[in-house]
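Letters go in sequence order (proteins before strands), and every chain restarts at 1.
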Protein chains: 2
Amino acid sequence: MDFRKIKNISVDIVLFGFDGKDINVLLSKRYLNLHNPHYPIIDDWVLTGNHIFKSERLDTAAQRVMHDVSGHDAPFMRQFRTFGNPKRVTKNKDLLWSQSQQIDPRTLSVGYYALTHCSDFEIQDPNYQWFPINALPELGFDHQYIIEMAFKYVKEIINVSPIIYHLLPIKFTLNSLLSVYETIFDITIDNRNFRKKMISKPYIVQLDEKERQPNSKKPANLYMFSKDIYRHMITEKPRIII
Amino acid sequence: MDFRKIKNISVDIVLFGFDGKDINVLLSKRYLNLHNPHYPIIDDWVLTGNHIFKSERLDTAAQRVMHDVSGHDAPFMRQFRTFGNPKRVTKNKDLLWSQSQQIDPRTLSVGYYALTHCSDFEIQDPNYQWFPINALPELGFDHQYIIEMAFKYVKEIINVSPIIYHLLPIKFTLNSLLSVYETIFDITIDNRNFRKKMISKPYIVQLDEKERQPNSKKPANLYMFSKDIYRHMITEKPRIII
DNA sequence: GAGATAAAGAGTACTTTTTACGCTTATTGT
DNA sequence: ACAATAAGCGTAAAAAGTACTCTTTATCTC
(Lines give C-alpha, C1' and ligand atoms only; values in the text may rest on other atoms or scores of the structure.)
Protein backbone atom coordinates (compact mmCIF):
# COMPACT_ATOMS: atom_id res chain seq x y z
CA MET A 1 0.00 0.00 0.00
CA ASP A 2 1.35 3.33 -1.06
CA PHE A 3 0.33 6.00 1.43
CA ARG A 4 1.55 9.01 -0.49
CA LYS A 5 -1.25 11.39 -1.27
CA ILE A 6 -2.29 12.13 -4.80
CA LYS A 7 -2.04 15.86 -4.76
CA ASN A 8 -4.84 16.64 -7.16
CA ILE A 9 -7.55 14.16 -6.21
CA SER A 10 -9.65 14.25 -3.08
CA VAL A 11 -12.89 12.88 -1.77
CA ASP A 12 -15.39 15.05 0.07
CA ILE A 13 -18.25 13.62 2.03
CA VAL A 14 -21.58 15.29 2.61
CA LEU A 15 -22.84 13.39 5.62
CA PHE A 16 -26.50 14.02 6.28
CA GLY A 17 -27.69 13.28 9.77
CA PHE A 18 -31.30 13.23 10.87
CA ASP A 19 -31.84 14.00 14.52
CA GLY A 20 -35.58 13.52 14.67
CA LYS A 21 -36.24 17.10 13.77
CA ASP A 22 -33.72 18.49 11.30
CA ILE A 23 -31.55 17.28 8.50
CA ASN A 24 -28.01 18.18 9.49
CA VAL A 25 -24.72 18.23 7.67
CA LEU A 26 -21.44 17.28 9.29
CA LEU A 27 -18.77 19.93 8.94
CA SER A 28 -15.18 20.21 9.93
CA LYS A 29 -13.57 23.29 11.38
CA ARG A 30 -10.94 24.93 9.21
CA TYR A 31 -8.60 27.16 11.06
CA LEU A 32 -5.33 28.70 10.04
CA ASN A 33 -3.49 31.49 11.78
CA LEU A 34 -0.03 32.33 10.59
CA HIS A 35 0.84 35.28 12.75
CA ASN A 36 -1.43 36.86 15.29
CA PRO A 37 -3.95 34.76 17.21
CA HIS A 38 -6.35 37.67 17.27
CA TYR A 39 -6.48 37.86 13.52
CA PRO A 40 -7.06 34.41 12.20
CA ILE A 41 -6.72 34.29 8.47
CA ILE A 42 -8.96 31.34 7.97
CA ASP A 43 -11.74 30.45 10.34
CA ASP A 44 -14.63 28.69 8.70
CA TRP A 45 -16.05 25.27 8.02
CA VAL A 46 -15.58 22.71 5.31
CA LEU A 47 -16.84 19.28 4.41
CA THR A 48 -14.98 16.33 5.77
CA GLY A 49 -12.67 15.05 3.11
CA ASN A 50 -9.14 14.22 2.24
CA HIS A 51 -6.80 13.54 -0.60
CA ILE A 52 -6.59 9.94 -1.66
CA PHE A 53 -3.58 7.71 -1.42
CA LYS A 54 -1.64 6.49 -4.42
CA SER A 55 -3.02 2.98 -4.28
CA GLU A 56 -6.33 3.61 -2.59
CA ARG A 57 -9.80 3.10 -3.97
CA LEU A 58 -12.16 6.05 -3.91
CA ASP A 59 -14.70 4.28 -1.72
CA THR A 60 -11.95 3.28 0.66
CA ALA A 61 -10.72 6.84 0.91
CA ALA A 62 -14.22 8.04 1.70
CA GLN A 63 -14.60 5.39 4.36
CA ARG A 64 -11.25 6.32 5.82
CA VAL A 65 -12.35 9.92 6.16
CA MET A 66 -15.50 8.92 7.99
CA HIS A 67 -13.60 6.57 10.18
CA ASP A 68 -11.14 9.30 11.11
CA VAL A 69 -14.01 11.45 12.28
CA SER A 70 -15.99 9.00 14.33
CA GLY A 71 -13.70 6.10 15.00
CA HIS A 72 -16.62 3.90 14.08
CA ASP A 73 -17.65 2.14 10.92
CA ALA A 74 -18.50 4.44 8.09
CA PRO A 75 -22.18 5.05 7.50
CA PHE A 76 -23.97 4.32 4.25
CA MET A 77 -22.32 6.35 1.54
CA ARG A 78 -22.35 6.65 -2.22
CA GLN A 79 -20.54 8.68 -4.79
CA PHE A 80 -22.79 11.22 -6.42
CA ARG A 81 -20.73 13.61 -8.50
CA THR A 82 -17.22 14.83 -9.13
CA PHE A 83 -16.34 18.49 -8.95
CA GLY A 84 -13.53 19.63 -11.16
CA ASN A 85 -14.09 23.22 -12.10
CA PRO A 86 -10.59 24.68 -12.47
CA LYS A 87 -11.82 27.75 -10.66
CA ARG A 88 -13.28 25.97 -7.69
CA VAL A 89 -10.30 26.97 -5.59
CA THR A 90 -9.69 30.62 -6.34
CA LYS A 91 -10.62 32.52 -3.19
CA ASN A 92 -7.54 33.79 -1.39
CA LYS A 93 -8.14 31.88 1.77
CA ASP A 94 -8.69 28.68 -0.17
CA LEU A 95 -5.47 29.14 -2.11
CA LEU A 96 -3.65 29.86 1.11
CA TRP A 97 -5.05 26.76 2.65
CA SER A 98 -4.05 24.64 -0.33
CA GLN A 99 -0.56 25.98 -0.06
CA SER A 100 -0.35 25.29 3.65
CA GLN A 101 -1.50 21.72 3.05
CA GLN A 102 0.75 21.25 0.04
CA ILE A 103 -2.04 20.25 -2.26
CA ASP A 104 -2.81 21.21 -5.81
CA PRO A 105 -5.28 24.08 -6.07
CA ARG A 106 -6.60 22.37 -9.18
CA THR A 107 -7.94 19.45 -7.23
CA LEU A 108 -10.63 17.15 -8.45
CA SER A 109 -13.05 16.39 -5.68
CA VAL A 110 -15.06 13.20 -5.83
CA GLY A 111 -18.24 13.93 -3.92
CA TYR A 112 -19.94 11.38 -1.71
CA TYR A 113 -23.19 11.70 0.11
CA ALA A 114 -23.64 9.72 3.28
CA LEU A 115 -26.68 9.12 5.46
CA THR A 116 -27.02 8.40 9.13
CA HIS A 117 -29.09 8.99 12.18
CA CYS A 118 -27.25 11.48 14.33
CA SER A 119 -27.40 9.24 17.37
CA ASP A 120 -25.68 6.50 15.38
CA PHE A 121 -22.73 8.70 14.60
CA GLU A 122 -21.11 10.02 17.67
CA ILE A 123 -18.60 12.83 17.55
CA GLN A 124 -16.18 13.63 20.32
CA ASP A 125 -13.87 16.06 18.64
CA PRO A 126 -15.29 19.61 18.79
CA ASN A 127 -13.67 20.29 15.43
CA TYR A 128 -16.52 18.35 13.91
CA GLN A 129 -20.04 19.57 14.26
CA TRP A 130 -23.55 19.07 12.94
CA PHE A 131 -25.27 22.02 11.28
CA PRO A 132 -28.90 22.08 10.19
CA ILE A 133 -28.97 22.17 6.42
CA ASN A 134 -31.04 25.33 6.59
CA ALA A 135 -28.55 27.11 8.81
CA LEU A 136 -25.11 26.40 7.50
CA PRO A 137 -22.15 28.52 8.58
CA GLU A 138 -19.64 30.15 6.28
CA LEU A 139 -18.09 27.44 4.14
CA GLY A 140 -14.74 27.15 2.42
CA PHE A 141 -14.06 26.22 -1.19
CA ASP A 142 -17.18 25.40 -3.19
CA HIS A 143 -18.58 23.31 -0.38
CA GLN A 144 -21.80 25.23 -0.10
CA TYR A 145 -22.47 24.28 -3.69
CA ILE A 146 -21.44 20.67 -3.17
CA ILE A 147 -23.85 20.37 -0.26
CA GLU A 148 -26.69 21.78 -2.30
CA MET A 149 -25.98 19.38 -5.12
CA ALA A 150 -25.76 16.46 -2.73
CA PHE A 151 -29.08 17.29 -1.12
CA LYS A 152 -30.76 17.68 -4.49
CA TYR A 153 -29.30 14.37 -5.55
CA VAL A 154 -30.45 12.58 -2.42
CA LYS A 155 -33.97 13.88 -2.84
CA GLU A 156 -34.05 12.46 -6.33
CA ILE A 157 -32.60 9.11 -5.44
CA ILE A 158 -35.01 8.64 -2.56
CA ASN A 159 -37.72 8.31 -5.18
CA VAL A 160 -36.10 5.37 -6.86
CA SER A 161 -34.05 3.66 -4.22
CA PRO A 162 -34.75 2.79 -0.58
CA ILE A 163 -32.01 4.88 0.95
CA ILE A 164 -34.14 6.95 3.29
CA TYR A 165 -33.98 4.28 5.98
CA HIS A 166 -30.33 5.04 6.51
CA LEU A 167 -31.40 8.32 8.07
CA LEU A 168 -33.06 6.38 10.86
CA PRO A 169 -31.82 3.83 13.36
CA ILE A 170 -32.21 0.24 12.25
CA LYS A 171 -35.34 0.00 14.35
CA PHE A 172 -37.64 2.92 13.80
CA THR A 173 -41.23 3.98 14.36
CA LEU A 174 -43.56 4.83 11.52
CA ASN A 175 -43.89 8.31 12.92
CA SER A 176 -40.20 8.88 12.70
CA LEU A 177 -40.17 7.62 9.12
CA LEU A 178 -43.00 9.96 8.29
CA SER A 179 -41.11 12.71 9.95
CA VAL A 180 -38.06 12.16 7.77
CA TYR A 181 -40.14 12.39 4.65
CA GLU A 182 -41.79 15.55 5.87
CA THR A 183 -38.50 17.16 6.77
CA ILE A 184 -36.64 16.26 3.61
CA PHE A 185 -39.34 17.28 1.19
CA ASP A 186 -40.78 20.02 3.32
CA ILE A 187 -44.31 18.68 3.07
CA THR A 188 -46.96 17.39 5.43
CA ILE A 189 -48.22 13.87 5.13
CA ASP A 190 -51.42 12.34 6.41
CA ASN A 191 -50.40 10.06 9.21
CA ARG A 192 -53.17 7.50 8.71
CA ASN A 193 -52.68 7.04 5.01
CA PHE A 194 -48.96 6.93 5.44
CA ARG A 195 -49.28 4.14 7.95
CA LYS A 196 -51.55 2.10 5.73
CA LYS A 197 -49.21 2.48 2.82
CA MET A 198 -46.12 1.57 4.76
CA ILE A 199 -47.64 -1.35 6.61
CA SER A 200 -48.78 -2.77 3.30
CA LYS A 201 -45.19 -2.98 2.08
CA PRO A 202 -43.72 -6.40 2.69
CA TYR A 203 -40.26 -5.01 3.27
CA ILE A 204 -41.38 -2.84 6.18
CA VAL A 205 -41.25 -5.45 8.90
CA GLN A 206 -43.01 -4.97 12.20
CA LEU A 207 -40.96 -6.00 15.19
CA ASP A 208 -42.12 -7.29 18.54
CA GLU A 209 -40.56 -4.33 20.24
CA LYS A 210 -42.01 -1.01 21.19
CA GLU A 211 -40.39 2.27 21.83
CA ARG A 212 -41.21 4.67 24.59
CA GLN A 213 -41.01 8.21 23.26
CA PRO A 214 -39.66 11.05 25.40
CA ASN A 215 -43.04 12.77 25.89
CA SER A 216 -44.44 9.33 25.91
CA LYS A 217 -48.04 8.47 25.82
CA LYS A 218 -48.62 5.25 24.01
CA PRO A 219 -45.38 3.55 23.03
CA ALA A 220 -44.89 3.09 19.32
CA ASN A 221 -44.27 -0.09 17.45
CA LEU A 222 -40.83 -0.51 16.02
CA TYR A 223 -40.28 -1.49 12.42
CA MET A 224 -37.30 -2.24 10.30
CA PHE A 225 -36.56 -2.16 6.60
CA SER A 226 -35.68 -5.50 5.10
CA LYS A 227 -33.26 -5.12 2.25
CA ASP A 228 -33.63 -8.81 1.46
CA ILE A 229 -37.36 -8.67 1.00
CA TYR A 230 -37.07 -5.47 -0.94
CA ARG A 231 -34.61 -6.99 -3.34
CA HIS A 232 -36.65 -10.09 -3.88
CA MET A 233 -39.71 -8.13 -4.82
CA ILE A 234 -38.40 -5.42 -7.07
CA THR A 235 -40.32 -5.97 -10.23
CA GLU A 236 -38.28 -3.10 -11.58
CA LYS A 237 -41.31 -1.78 -13.37
CA PRO A 238 -40.48 1.51 -15.00
CA ARG A 239 -42.87 4.35 -14.51
CA ILE A 240 -43.18 5.69 -18.03
CA ILE A 241 -44.51 8.80 -16.47
CA ILE A 242 -42.04 11.34 -17.52
CA MET B 1 -6.01 28.42 -21.46
CA ASP B 2 -3.47 25.82 -20.52
CA PHE B 3 -3.62 22.92 -22.97
CA ARG B 4 -1.27 20.59 -21.17
CA LYS B 5 -2.98 17.36 -20.25
CA ILE B 6 -3.47 16.36 -16.65
CA LYS B 7 -1.91 12.93 -16.75
CA ASN B 8 -4.09 11.26 -14.18
CA ILE B 9 -7.57 12.60 -14.93
CA SER B 10 -9.69 11.74 -17.91
CA VAL B 11 -13.29 11.85 -19.00
CA ASP B 12 -14.98 8.91 -20.69
CA ILE B 13 -18.27 9.20 -22.45
CA VAL B 14 -20.82 6.46 -22.82
CA LEU B 15 -22.85 7.73 -25.72
CA PHE B 16 -26.10 5.82 -26.13
CA GLY B 17 -27.69 6.05 -29.54
CA PHE B 18 -31.13 4.77 -30.39
CA ASP B 19 -31.58 3.81 -34.01
CA GLY B 20 -35.24 2.94 -33.92
CA LYS B 21 -34.52 -0.65 -33.01
CA ASP B 22 -31.53 -1.00 -30.71
CA ILE B 23 -29.76 0.94 -28.05
CA ASN B 24 -26.21 1.34 -29.28
CA VAL B 25 -23.01 2.50 -27.69
CA LEU B 26 -20.41 4.53 -29.51
CA LEU B 27 -16.96 3.01 -29.35
CA SER B 28 -13.56 4.01 -30.58
CA LYS B 29 -11.06 1.68 -32.17
CA ARG B 30 -7.90 1.11 -30.19
CA TYR B 31 -5.04 -0.20 -32.21
CA LEU B 32 -1.37 -0.48 -31.43
CA ASN B 33 1.18 -2.44 -33.34
CA LEU B 34 4.78 -2.04 -32.37
CA HIS B 35 6.50 -4.57 -34.61
CA ASN B 36 4.81 -6.88 -36.98
CA PRO B 37 1.62 -5.85 -38.76
CA HIS B 38 0.38 -9.43 -38.66
CA TYR B 39 0.51 -9.56 -34.90
CA PRO B 40 -1.16 -6.48 -33.53
CA ILE B 41 -0.61 -6.18 -29.85
CA ILE B 42 -3.71 -4.18 -29.15
CA ASP B 43 -6.76 -4.37 -31.33
CA ASP B 44 -9.97 -3.71 -29.49
CA TRP B 45 -12.47 -1.00 -28.68
CA VAL B 46 -12.75 1.59 -25.97
CA LEU B 47 -15.10 4.37 -24.96
CA THR B 48 -14.49 7.78 -26.41
CA GLY B 49 -12.62 9.82 -23.89
CA ASN B 50 -9.55 11.87 -23.25
CA HIS B 51 -7.45 13.38 -20.57
CA ILE B 52 -8.47 16.84 -19.48
CA PHE B 53 -6.44 19.99 -19.90
CA LYS B 54 -4.90 21.85 -17.02
CA SER B 55 -7.45 24.64 -17.03
CA GLU B 56 -10.42 22.85 -18.50
CA ARG B 57 -13.76 22.10 -16.89
CA LEU B 58 -14.90 18.51 -16.82
CA ASP B 59 -18.04 19.25 -18.82
CA THR B 60 -15.99 21.11 -21.38
CA ALA B 61 -13.60 18.23 -21.73
CA ALA B 62 -16.48 15.85 -22.30
CA GLN B 63 -17.94 18.14 -24.92
CA ARG B 64 -14.59 18.45 -26.59
CA VAL B 65 -14.36 14.69 -26.91
CA MET B 66 -17.79 14.48 -28.50
CA HIS B 67 -16.97 17.33 -30.80
CA ASP B 68 -13.77 15.63 -31.91
CA VAL B 69 -15.76 12.58 -32.91
CA SER B 70 -18.60 14.14 -34.80
CA GLY B 71 -17.54 17.66 -35.60
CA HIS B 72 -20.98 18.69 -34.46
CA ASP B 73 -22.37 20.02 -31.24
CA ALA B 74 -22.15 17.61 -28.39
CA PRO B 75 -25.34 15.71 -27.56
CA PHE B 76 -27.06 15.82 -24.18
CA MET B 77 -24.62 14.55 -21.59
CA ARG B 78 -24.31 14.31 -17.85
CA GLN B 79 -21.73 13.11 -15.42
CA PHE B 80 -22.80 9.94 -13.66
CA ARG B 81 -19.88 8.48 -11.76
CA THR B 82 -16.15 8.60 -11.39
CA PHE B 83 -14.03 5.48 -11.67
CA GLY B 84 -10.87 5.44 -9.67
CA ASN B 85 -10.04 1.90 -8.72
CA PRO B 86 -6.24 1.80 -8.61
CA LYS B 87 -6.43 -1.55 -10.37
CA ARG B 88 -8.62 -0.44 -13.20
CA VAL B 89 -5.60 -0.35 -15.50
CA THR B 90 -3.70 -3.53 -14.84
CA LYS B 91 -4.10 -5.69 -17.91
CA ASN B 92 -0.89 -5.82 -19.92
CA LYS B 93 -2.35 -4.28 -23.02
CA ASP B 94 -3.86 -1.46 -21.02
CA LEU B 95 -0.57 -0.71 -19.32
CA LEU B 96 1.19 -0.81 -22.64
CA TRP B 97 -1.35 1.58 -24.05
CA SER B 98 -0.97 3.97 -21.14
CA GLN B 99 2.75 3.95 -21.65
CA SER B 100 2.47 4.61 -25.35
CA GLN B 101 0.17 7.54 -24.64
CA GLN B 102 2.29 8.83 -21.80
CA ILE B 103 -0.52 8.82 -19.30
CA ASP B 104 -0.68 7.70 -15.71
CA PRO B 105 -1.92 4.13 -15.32
CA ARG B 106 -3.58 5.30 -12.11
CA THR B 107 -5.98 7.54 -13.94
CA LEU B 108 -9.24 8.75 -12.53
CA SER B 109 -11.94 8.57 -15.13
CA VAL B 110 -14.94 10.83 -14.80
CA GLY B 111 -17.76 8.99 -16.51
CA TYR B 112 -20.38 10.75 -18.59
CA TYR B 113 -23.43 9.26 -20.18
CA ALA B 114 -24.78 10.91 -23.29
CA LEU B 115 -27.95 10.34 -25.26
CA THR B 116 -28.75 10.84 -28.90
CA HIS B 117 -30.67 9.50 -31.80
CA CYS B 118 -28.20 7.81 -34.10
CA SER B 119 -29.32 9.81 -37.10
CA ASP B 120 -28.58 13.01 -35.19
CA PHE B 121 -25.00 12.00 -34.61
CA GLU B 122 -23.20 11.30 -37.82
CA ILE B 123 -19.87 9.57 -37.89
CA GLN B 124 -17.51 9.63 -40.83
CA ASP B 125 -14.39 8.21 -39.32
CA PRO B 126 -14.45 4.39 -39.40
CA ASN B 127 -12.48 4.39 -36.17
CA TYR B 128 -15.73 5.20 -34.44
CA GLN B 129 -18.60 2.81 -34.57
CA TRP B 130 -21.96 2.05 -33.01
CA PHE B 131 -22.41 -1.28 -31.29
CA PRO B 132 -25.71 -2.62 -29.95
CA ILE B 133 -25.50 -2.68 -26.20
CA ASN B 134 -26.31 -6.38 -26.25
CA ALA B 135 -23.51 -7.18 -28.66
CA LEU B 136 -20.46 -5.27 -27.56
CA PRO B 137 -17.03 -6.23 -28.85
CA GLU B 138 -13.95 -6.81 -26.73
CA LEU B 139 -13.33 -3.71 -24.69
CA GLY B 140 -10.20 -2.22 -23.18
CA PHE B 141 -9.66 -1.05 -19.61
CA ASP B 142 -12.75 -1.35 -17.40
CA HIS B 143 -14.97 0.06 -20.11
CA GLN B 144 -17.31 -2.89 -20.18
CA TYR B 145 -18.04 -2.18 -16.55
CA ILE B 146 -18.40 1.55 -17.11
CA ILE B 147 -20.94 0.93 -19.86
CA GLU B 148 -22.95 -1.37 -17.63
CA MET B 149 -22.96 1.18 -14.84
CA ALA B 150 -23.95 3.94 -17.22
CA PHE B 151 -26.84 1.96 -18.61
CA LYS B 152 -28.06 1.05 -15.16
CA TYR B 153 -27.83 4.69 -14.16
CA VAL B 154 -29.71 5.90 -17.18
CA LYS B 155 -32.51 3.42 -16.56
CA GLU B 156 -32.88 4.77 -13.06
CA ILE B 157 -32.78 8.42 -14.01
CA ILE B 158 -35.37 7.95 -16.72
CA ASN B 159 -37.84 7.32 -13.93
CA VAL B 160 -37.29 10.69 -12.33
CA SER B 161 -36.16 12.97 -15.09
CA PRO B 162 -37.34 13.46 -18.67
CA ILE B 163 -34.14 12.47 -20.39
CA ILE B 164 -35.53 9.75 -22.60
CA TYR B 165 -36.51 12.26 -25.27
CA HIS B 166 -32.87 12.83 -26.03
CA LEU B 167 -32.80 9.37 -27.55
CA LEU B 168 -35.21 10.54 -30.22
CA PRO B 169 -35.11 13.33 -32.77
CA ILE B 170 -36.72 16.54 -31.62
CA LYS B 171 -39.85 15.61 -33.53
CA PHE B 172 -40.89 12.07 -32.84
CA THR B 173 -43.86 9.78 -33.17
CA LEU B 174 -45.57 8.19 -30.21
CA ASN B 175 -44.71 4.80 -31.59
CA SER B 176 -41.05 5.61 -31.61
CA LEU B 177 -41.26 6.86 -28.03
CA LEU B 178 -43.02 3.67 -27.03
CA SER B 179 -40.37 1.75 -28.83
CA VAL B 180 -37.59 3.41 -26.85
CA TYR B 181 -39.26 2.48 -23.60
CA GLU B 182 -39.74 -1.07 -24.73
CA THR B 183 -36.16 -1.40 -25.85
CA ILE B 184 -34.55 0.14 -22.82
CA PHE B 185 -36.55 -1.74 -20.24
CA ASP B 186 -37.05 -4.86 -22.30
CA ILE B 187 -40.79 -4.86 -21.81
CA THR B 188 -43.86 -4.65 -23.98
CA ILE B 189 -46.29 -1.81 -23.58
CA ASP B 190 -49.90 -1.55 -24.64
CA ASN B 191 -49.92 0.90 -27.47
CA ARG B 192 -53.40 2.29 -26.77
CA ASN B 193 -52.84 2.98 -23.10
CA PHE B 194 -49.46 4.41 -23.80
CA ARG B 195 -50.92 6.86 -26.30
CA LYS B 196 -53.60 8.00 -23.91
CA LYS B 197 -51.12 8.54 -21.17
CA MET B 198 -48.70 10.46 -23.27
CA ILE B 199 -51.28 12.59 -25.01
CA SER B 200 -52.64 13.57 -21.62
CA LYS B 201 -49.30 15.07 -20.63
CA PRO B 202 -49.19 18.79 -21.30
CA TYR B 203 -45.52 18.72 -22.11
CA ILE B 204 -45.96 16.24 -24.96
CA VAL B 205 -46.94 18.65 -27.66
CA GLN B 206 -48.61 17.49 -30.83
CA LEU B 207 -47.28 19.14 -33.97
CA ASP B 208 -49.02 19.86 -37.22
CA GLU B 209 -46.61 17.63 -39.05
CA LYS B 210 -46.81 13.99 -39.92
CA GLU B 211 -44.14 11.50 -40.68
CA ARG B 212 -44.17 8.87 -43.38
CA GLN B 213 -42.54 5.73 -42.07
CA PRO B 214 -40.28 3.60 -44.29
CA ASN B 215 -42.74 0.70 -44.59
CA SER B 216 -45.35 3.33 -44.50
CA LYS B 217 -49.01 2.74 -44.20
CA LYS B 218 -50.66 5.54 -42.36
CA PRO B 219 -48.33 8.43 -41.60
CA ALA B 220 -47.86 9.18 -37.91
CA ASN B 221 -48.35 12.40 -36.08
CA LEU B 222 -45.23 14.07 -34.83
CA TYR B 223 -44.85 15.26 -31.27
CA MET B 224 -42.21 17.06 -29.33
CA PHE B 225 -41.26 17.32 -25.69
CA SER B 226 -41.55 20.78 -24.23
CA LYS B 227 -38.98 21.36 -21.55
CA ASP B 228 -40.59 24.68 -20.70
CA ILE B 229 -44.00 23.22 -20.01
CA TYR B 230 -42.46 20.37 -18.10
CA ARG B 231 -40.56 22.72 -15.86
CA HIS B 232 -43.55 24.88 -15.18
CA MET B 233 -45.64 21.97 -14.02
CA ILE B 234 -43.28 19.96 -11.89
CA THR B 235 -45.06 19.82 -8.58
CA GLU B 236 -42.04 17.90 -7.40
CA LYS B 237 -44.26 15.60 -5.42
CA PRO B 238 -42.20 12.84 -3.90
CA ARG B 239 -43.47 9.31 -4.26
CA ILE B 240 -43.04 7.96 -0.75
CA ILE B 241 -43.25 4.55 -2.21
CA ILE B 242 -39.94 3.14 -1.41
C1' DG C 1 -58.06 4.19 40.06
C1' DA C 2 -60.52 7.74 37.18
C1' DG C 3 -60.00 10.78 33.70
C1' DA C 4 -57.29 13.48 30.46
C1' DT C 5 -54.02 13.16 26.79
C1' DA C 6 -51.58 11.98 22.78
C1' DA C 7 -50.43 8.99 19.63
C1' DA C 8 -51.43 4.46 17.39
C1' DG C 9 -54.37 2.48 14.42
C1' DA C 10 -58.91 0.89 12.13
C1' DG C 11 -62.55 2.06 8.85
C1' DT C 12 -65.04 4.20 4.98
C1' DA C 13 -66.05 6.77 0.96
C1' DC C 14 -64.39 9.14 -2.96
C1' DT C 15 -61.12 10.27 -6.68
C1' DT C 16 -57.54 9.33 -9.75
C1' DT C 17 -54.54 6.35 -12.17
C1' DT C 18 -53.47 2.06 -14.27
C1' DT C 19 -54.51 -1.96 -16.86
C1' DA C 20 -56.89 -4.81 -20.20
C1' DC C 21 -58.92 -5.25 -24.33
C1' DG C 22 -62.53 -4.52 -28.18
C1' DC C 23 -63.31 -1.79 -31.99
C1' DT C 24 -62.85 2.03 -35.59
C1' DT C 25 -60.32 4.97 -38.77
C1' DA C 26 -56.82 6.36 -41.88
C1' DT C 27 -53.37 5.55 -45.47
C1' DT C 28 -50.92 3.05 -48.91
C1' DG C 29 -49.32 -0.97 -51.91
C1' DT C 30 -51.04 -4.21 -55.11
C1' DA D 1 -61.23 -1.72 -54.76
C1' DC D 2 -59.33 -4.25 -51.24
C1' DA D 3 -56.00 -6.14 -48.10
C1' DA D 4 -52.68 -4.85 -44.86
C1' DT D 5 -50.91 -2.17 -41.25
C1' DA D 6 -50.60 1.12 -37.96
C1' DA D 7 -52.98 5.10 -35.82
C1' DG D 8 -56.38 6.16 -32.75
C1' DC D 9 -60.99 6.03 -29.80
C1' DG D 10 -63.88 4.02 -26.08
C1' DT D 11 -65.18 1.50 -22.08
C1' DA D 12 -64.98 -1.13 -17.97
C1' DA D 13 -62.70 -3.12 -14.16
C1' DA D 14 -58.85 -3.07 -10.87
C1' DA D 15 -55.56 -0.76 -8.15
C1' DA D 16 -53.64 3.08 -5.87
C1' DG D 17 -54.04 7.42 -3.71
C1' DT D 18 -56.57 11.01 -0.86
C1' DA D 19 -59.50 12.87 2.72
C1' DC D 20 -61.53 12.42 6.89
C1' DT D 21 -64.18 10.22 11.04
C1' DC D 22 -63.78 7.57 14.68
C1' DT D 23 -61.79 4.05 18.00
C1' DT D 24 -58.18 1.98 20.74
C1' DT D 25 -54.20 1.90 23.57
C1' DA D 26 -50.88 3.21 26.97
C1' DT D 27 -49.35 6.56 30.03
C1' DC D 28 -49.37 10.72 32.97
C1' DT D 29 -51.77 13.55 36.43
C1' DC D 30 -54.59 14.08 40.11
(request) Please confirm whether any donor atom in the side chain of A/N175 sits under 3.5 Å from an acceptor in the base of C/dA7, or the reverse. (result) no
(request) Measure from OH on B/Y181 to P on C/dT19 and round the result to the nearest Å. (result) 13 Å
Detail all sub-3.5 Å separations between protein N/O atoms and N/O atoms belonging to nucleotides 13-16 of chain C.
none

(request) Calculate the interatomic distance between A/I199 atom CD1 and D/dG17 atom C1'; express it in whole Å. (result) 16 Å
(request) Nearest whole angstrom, please: distance from the C1' of C/dA26 to the CZ of B/R195. (result) 12 Å
(message) I want to check one thing: is the phosphate of C/dA8, taken as OP1 and OP2, less than 4.0 Å away from some side-chain N or O of A/N221?
(response) no
(request) Write down the distance between NZ (B/K197) and P (D/dC9), rounded to a whole number of angstrom. (result) 18 Å
(message) Run the side chain to side chain donor-acceptor pair (under 3.5 Å) test against B/R192 and tell me which residues pass, sequence neighbours left out.
(response) B/D190
(request) Decide yes or no, distance alone: a donor-acceptor N/O pair under 3.5 angstrom between the base of C/dA7 and the side-chain of A/N191. (result) no
(message) Tell me every residue that passes side chain to side chain donor-acceptor pair (under 3.5 Å) with A/R57, counting only those two or more places apart in sequence or in another chain.
(response) none
(request) Would you please name every residue forming a side chain to side chain donor-acceptor pair (under 3.5 Å) with B/R88, sequence neighbours left out? (result) B/D142
(message) For B/K29, run the side-chain hydrogen bond (donor to acceptor under 3.5 Å, both in side chains) check against B/N127, B/D43, B/D44 and tell me which one passes.
(response) B/D43
(message) How many whole angstroms separate atom CG of B/D190 from atom P of C/dT18?
(response) 14 Å
(message) As a test of reading the structure: which of D/dT18, C/dC21, D/dG8 is closest to the side chain of B/N193, going by heavy atoms?
(response) C/dC21
(message) Side chain of A/P219 only, heavy atoms from C-beta on: which candidate in C/dC21, D/dT27, C/dA8 is closest?
(response) D/dT27
(message) Rounding to an integer number of Å, can you tell me how far B/L177 CG sits from D/dG8 C1'?
(response) 16 Å
(request) Enumerate the residue pairs fulfilling salt bridge (Lys or Arg N to Asp or Glu O under 4.0 Å) with a member in residues 161-173 of chain B, sequence neighbours excluded, ordered by first and then second residue. (result) B/K171-B/E209
(request) Sort out for me which residue in B/Y112, B/F151, B/W130, B/F121 forms a ring pair (Phe, Tyr, Trp, His ring centres under 6.0 Å) with B/F16. (result) B/F151
(request) Round to a whole Å and report the spacing from CZ of A/F194 to C1' of D/dA19. (result) 17 Å
Side-chain donor-acceptor contacts of residues 72-82 of chain A below 3.5 Å, not counting sequence neighbours, with atom names and distances?
| from | atom 1 | to | atom 2 | distance (Å) |
| --- | --- | --- | --- | --- |
| A/H72 | ND1 | A/S70 | O | 2.8 |
| A/Q79 | OE1 | B/T82 | N | 2.5 |
| A/Q79 | NE2 | B/T82 | O | 2.9 |
| A/R81 | NH2 | A/Y145 | OH | 3.4 |
| A/T82 | OG1 | B/T82 | OG1 | 2.4 |

(message) Please pick, from D/dG17, C/dG9, D/dG8, the nucleotide with the shortest atom-to-atom distance to any side-chain atom of A/Y223.
(response) C/dG9
(message) Please determine whether any donor N or O and acceptor N or O are separated by less than 3.5 Å between the side chain of B/R192 and the base of C/dG22.
(response) yes
